Number of protein chains: 2
Amino acid sequence: MELTQHEVADRLGISRGTLHRVLSGSPLVKASTRQRIEKALSEIGYSPNIIAQGLRTGRTRTIGLIAIGDAKISEMEKARAIHEAARLRGYSLVLTYSDGSAEGEARCVDELRSRKVDGLIVTGKGRLQDSAHFKKLIKARVGLVAIAPIATLETDCVVVDAPWAYGEMTRHIISKGHRDIGLLLEDIQSTYAIAKEKGVADALAAAGLPVNKDWMLRVPVRVRREEADKVRSVSDYRMGYDGALKFFAMSRRPTAVICQSDQTAIGFQHAAKLNNVDVPGEVALTGYDDIPAAEFARVPLTTMRQPEAELGVRAVELLMRRMEGDWSGFPQMVVLRPTLIERESCSRPKSET
Amino acid sequence: MELTQHEVADRLGISRGTLHRVLSGSPLVKASTRQRIEKALSEIGYSPNIIAQGLRTGRTRTIGLIAIGDAKISEMEKARAIHEAARLRGYSLVLTYSDGSAEGEARCVDELRSRKVDGLIVTGKGRLQDSAHFKKLIKARVGLVAIAPIATLETDCVVVDAPWAYGEMTRHIISKGHRDIGLLLEDIQSTYAIAKEKGVADALAAAGLPVNKDWMLRVPVRVRREEADKVRSVSDYRMGYDGALKFFAMSRRPTAVICQSDQTAIGFQHAAKLNNVDVPGEVALTGYDDIPAAEFARVPLTTMRQPEAELGVRAVELLMRRMEGDWSGFPQMVVLRPTLIERESCSRPKSET
DNA sequence: ATGAAAGCGCTAACAC
DNA sequence: GTGTTAGCGCTTTCAT
């Protein structure tokens with residue numbers, strides 16, 4: 001069915017060497033020959049067997065993708081951009097998922113190594129449990145780009161400037177007249193969580209506002225795997241709900257709460273409604289990410305829109321450089337900034353004092 | 001670095017043939033020899049080169065995945081389940097995205113064919129624009145399972161029983177005392193949309209209720225690609241919003257509206273809020289899918305939870321059969337049923353008449 | 001029950 | 001400039 005180079009060469013009355021030179025764009029072919037062959041080639045509709053190429057060259061022109069942790073729509077958007085960027089360069093994507101456990105990660109790495117991928121991109125909100133597998137890869141000079149900051153791993157990464165983003169949101173809230181500002185994060189000490197905390201604290205300090213430790217709230221995540229056949233990522237919503245209740249139980253409450261994500265802010269709004277707390281009147285809120293639902297939340301969310309697609313594209317570009325053997329500046333960190341989106345969840349406080 | 005079968009055979013003092021027989025579980029090996037070799041093998045940590053296997057056998061043990069249309073969280077959940085099911089059988093996933101255009105689909109098919117995938121799974125809410133490429137595949141007896149009903153294509157598929165589901169929701173609403181029931185769908189004549197319409201109409205008829213044509217609303221989808229680096233699927237929310245306004249403009253309105261999706265119902269609620277229409281008091285609503293946000297909507301949504309993971313698993317199982325050469329019952333349709341989830345968006349109507 | 005050898009379709013090194 | 005050839009690591013057929 002599919003023609004081989006051998007057959008094509010015979011059919012055109014040339015040698016396989018010449019045919020290969022035409023295919024690979026080598027200059028060592030007479031222009032007239034090249035033209036004649038190229039024409040015939042497109043008529044025949046020949047395209048080389050990628051598997052054989054892979055065996056021969058040791059390069060498969062594939063990129064492995066590891067998605068860690070819960071399913072999130074943002075991963076989908078990144079993956080789409082990654083596919084597009086990779087495709088334009090002749091690369092395909094091999095997709096793997098890890099549940100976030102150390103074994104899950106090991107399985108992904110093993111699968112991708114056995115598939116002989118030329119490079120890897122790690123994404124997802126989960127943290128790396130066991131970096132041993134990854135360290136081995138890095139030592140072997142296999143390109144590995146993380147779309148997330150990974151403190152435990154010295155590798156290239158593409159990250160969002162979370163300290164700046166949370167500083168920006170803090171400044172925005174302050175500009176609205178708020179002085180009593182809270183922060184709601186999950187209780188996991190991820191690199192991003194620490195960065196977010198710092199972003200808020202620094203902005204508060206820069207504005208001469210005190211940091212109320214009680215309001216820098218950390219709430220445990222209740223992960224709930226529902227039926228065995230379902231993976232629903234409701235944990236962030238739930239965390240926002242739980243956090244809201246903790247804030248409501250305080251004798252003195254902030255007038256604005258910066259949330260870890262849009263889901264958190266939406267969960268917070270849910271609790272606010274059930275407790276007759278007005279948003280943004282009694283508590284202003286900001287989300288983070290600008291998921292599609294943010295615009296249609298009970299009170300539309302002021303939030304930071306993530307450059308999901310660009311994160312993916314930059315990751316591919318960086319990985320490409322490594323795969324071409326250019327290891328200058330390793331480990332490199334590409335930092336991107338999100339965009340403030342103003343909606344109704346964060347307005348000026350009711351005049352209190 | 002990686003050992004080859006040749007090297008391993010030499011090292012163990014056996015022939016490559018015998019080694020291969022051990023590896024492939026052939027019975028033509030003396031038990032003692034087999035044991036000795038297996039032990040040595042696991043010590044060495046040898047694993048065969050998948051690329052070379054692929055070249056030799058013509059089977060790559062890979063499944064191609066085509067995601068069509070906008071990024072949705074449900075695709076992510078399916079993909080995760082597909083990966084798990086495939087991995088357990090020694091298969092890997094090659095991921096491609098189509099923007100929903102005919103060219104996008106052609107590119108995906110070409111990419112996967114050039115990668116020599118053993119089978120394909122098509123998923124996503126978009127419809128197939130041009131089925132010519134796919135028809136070619138099917139004719140060539142390449143396994144192709146669609147996780148969606150594709151009217152224009154005779155192939156295996158795994159689908160949700162939408163007529164039943166929408167009938168079920170209709171019966172649920174009727175049981176709550178509603179008699180004036182509307183349906184809100186996008187204006188695209190997809191197989192699912194037609195099925196949903198029929199499900200509602202049949203249930204209404206079965207209950208002896210008249211079908212009000214004006215209330216079987218079809219609303220155009222406003223697709224909005226925001227910045228070039230973003231793919232945000234807000235179209236479904238927007239459609240719900242638009243649809244709500246149309247309902248509100250009617251002189252006589254239904255007391256309950258069945259929506260195409262949770263996003264649609266959430267968009268509807270948004271419009272209801274802005275127009276001071278009480279949900280569920282003045283209009284009860286049902287969603288569809290049970291996305292994570294459904295539980296945390298302004299009014300938590302009564303909806304139908306999709307068996308996303310099972311859809312993926314069943315697709316892999318069916319594809320597996322085809323890849324093994326078992327074409328019995330082609331084209332086969334696997335039908336799965338979603339589960340009714342009761343929340344607050346759909347209660348009994350305010351007593352009218 | 002085991003060993004030897006011939007390719008799968010391609011690339012790269014070497015001849016002419 | 002062009003043709004020839006030797007493998008990449010594996011599976012499969014044929015011999016023993």
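We use all heavy atoms of the structure for the numbers below, so side chains are in, but hydrogens, waters and symmetry mates are not. Worth saying up front: this structure is predicted, and the values here are computed from it rather than measured. Within every chain, numbering begins at 1; the chains are lettered A, B, ... in the order of the sequence lines, protein sequences first and strands thereafter.
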Going by side-chain contact (heavy atoms from CB on, under 4.5 Å), name the residues that satisfy it together with B:Ile138, two or more places apart in sequence or in a different chain. B:Leu144, B:Leu153, B:Thr155, B:Phe330
Counting the atoms with a prime plus P, OP1 and OP2 as sugar-phosphate, which does B:Ser24 contact under 4.0 Å by heavy atoms, base, sugar-phosphate, or nothing? nothing
Using salt bridge (charged side-chain N to carboxylate O under 4.0 Å, His left out) as the criterion, list what pairs up with A:Arg34, not counting sequence neighbours. A:Glu38
Could you say whether B:Leu55 or B:Leu28 is positioned toward the 5' end of DNA chain C, judged by the nucleotide with the nearest heavy atom to each? B:Leu28
Check side-chain hydrogen bond (donor to acceptor under 3.5 Å, both in side chains) between A:Lys39 and all other residues, then give those that pass, not counting sequence neighbours. A:Glu43
Axis-to-axis angle between the two ends of the helix from C:dA1-D:dT16 to C:dC16-D:dG1 (five base pairs per end, rounded to 10 degrees): 50°
Quick one: list whatever passes side-chain hydrogen bond (donor to acceptor under 3.5 Å, both in side chains) with B:Arg36, sequence neighbours left out. none
Side chain to side chain, A:Arg322 and A:Asp156, heavy atoms closer than 4.5 Å: yes
Indicate yes or no: does A:Arg80 engage A:Glu77 in a salt bridge with an N to O separation below 4.0 Å. no
Which residues pass the side-chain hydrogen bond (donor to acceptor under 3.5 Å, both in side chains) test with B:Arg115, not counting sequence neighbours? A:Ser92
Minimum heavy-atom distance A:Lys78-A:Glu308, with the two atoms named: CE-OE1, 2.9 Å
Going 5' to 3' through nucleotides 10-16 of chain D, assign each nucleotide B (protein heavy atom under 4.0 Å from a base atom), S (under 4.0 Å only from sugar-phosphate atoms) or - (no protein heavy atom that close). BBB----
OP1 or OP2 of D:dG3 versus the side-chain N and O atoms of A:Thr18: is any pair under 4.0 Å? yes
Those residues at least two apart in sequence (or on a different chain) that pass side-chain contact (heavy atoms from CB on, under 4.5 Å) with A:Leu137 are A:Val109, A:Arg113, A:Leu120, A:Phe134, A:Val142
Minimal heavy-atom distance between B:Ile63 and B:Ala86, with the atoms involved, is CD1-CB, 4.1 Å
Side chain to side chain donor-acceptor pair (under 3.5 Å): which pairs involve residues 13-30 of chain A, sequence neighbours left out? A:His6-A:Arg16, A:Ser15-A:Thr18
Could you state the interatomic distance from CD1 (B:Ile121) to CD1 (B:Ile147), rounded to the nearest 0.5 Å? 5.5 Å
When you list every nucleotide of DNA chain C with an atom under 4.0 Å from a heavy atom of chain B, which one comes first 5' to 3', and which comes last? C:dA1 to C:dG9
Applying side-chain hydrogen bond (donor to acceptor under 3.5 Å, both in side chains), can you list everything that pairs with B:Arg321, at least two apart in sequence or on another chain? B:Asp326, B:Ser328, B:Gln332
Any residue of residues 36-43 of chain B with a heavy atom less than 4.0 Å from an atom of DNA chain D: none
